[in-house]
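I have placed the structure first, in the form of structure tokens, so that the comments after it can refer back to it.
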Amino acid sequence: MIFKVYYQPTKRINPRRESTESLYLEADSEAIARALVEEQTDHNIEFIEKLDDASLEYEQQSVNFQLTEFNK
């Protein structure tokens, strides 16, 4: 499954919509996706969205679409 993770780059700053970033991640579940991001980064996760087929197809059309890979 592919998840879109919305996050703030650091946990030190209060979340602001203007500074929200996102990454795409393949994982077996939302819990695993969250654990990977929390273990591998200092990101402050705001929301994790599971992408269905139509949403994934739409996101893949963006020039910014790139799957992030973490060491497990």
Sidechain-backbone polar pair: T41 side chain, E38 backbone, donor-acceptor under 3.5 Å: no
Using the side-chain contact (heavy atoms from CB on, under 4.5 Å) definition, which of the options L51, T68, V5 pairs with Y24?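 Single pass found, and it is L51.
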Is the F47 ring parallel, tilted or perpendicular to the Y6 ring (thresholds 30°, 60°)?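 The rings of F47 and Y6 sit tilted, inter-plane angle from 30° to 60°.
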So, for Q8 and S19, which heavy atoms are closest and what is the spacing to 0.1 Å? OE1-OG, 2.6 Å
To the nearest 0.5 Å, tell me how far [X] [atom1] sits from [Y] [atom2].
{"X": "I2", "Y": "L67", "atom1": "CD1", "atom2": "CG", "answer": "4.5 Å"}
{"X": "E57", "Y": "D52", "atom1": "CD", "atom2": "CG", "answer": "10.5 Å"}
{"X": "I32", "Y": "E39", "atom1": "CD1", "atom2": "CD", "answer": "10.5 Å"}
{"X": "S22", "Y": "I48", "atom1": "OG", "atom2": "CD1", "answer": "12.5 Å"}

Heavy-atom side-chain proximity of N44 to T10 below 4.5 angstrom: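 No; the side chains remain at least 4.5 Å from each other.
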Decide yes or no on side chain to side chain contact (heavy atoms under 4.5 Å, CB included) for L56 and F65, but give the supporting numbers first. CA-CA 10 Å; L56 178 58; F65 182 84; 3.9 Å; yes
Is it the case that atom [atom1] in [X] sees more than 12 heavy atoms from other parts of the structure closer than 6.0 Å?
{"X": "Y58", "atom1": "OH", "result": "no"}
{"X": "D42", "atom1": "CG", "result": "no"}
{"X": "K11", "atom1": "NZ", "result": "yes"}

Derivation of the side chain to side chain contact (heavy atoms under 4.5 Å, CB included) call for E49 and F3: CA-CA 5 Å; E49 173 184 14; F3 294 91; over 6 Å; no
Salt bridge (charged side-chain N to carboxylate O under 4.0 Å, His left out) involving E59 - partner list, sequence neighbours excluded: K4
Go through the steps for H43 and L23 under the test side chain to side chain contact (heavy atoms under 4.5 Å, CB included), then give the verdict. CA-CA 11 Å; H43 298 338; L23 62 83; 4.2 Å; yes
Go through the steps for E46 and Y7 under the test side-chain hydrogen bond (donor to acceptor under 3.5 Å, both in side chains), then give the verdict. CA-CA 5 Å; E46 292 180 22; Y7 67 91; over 6 Å; no
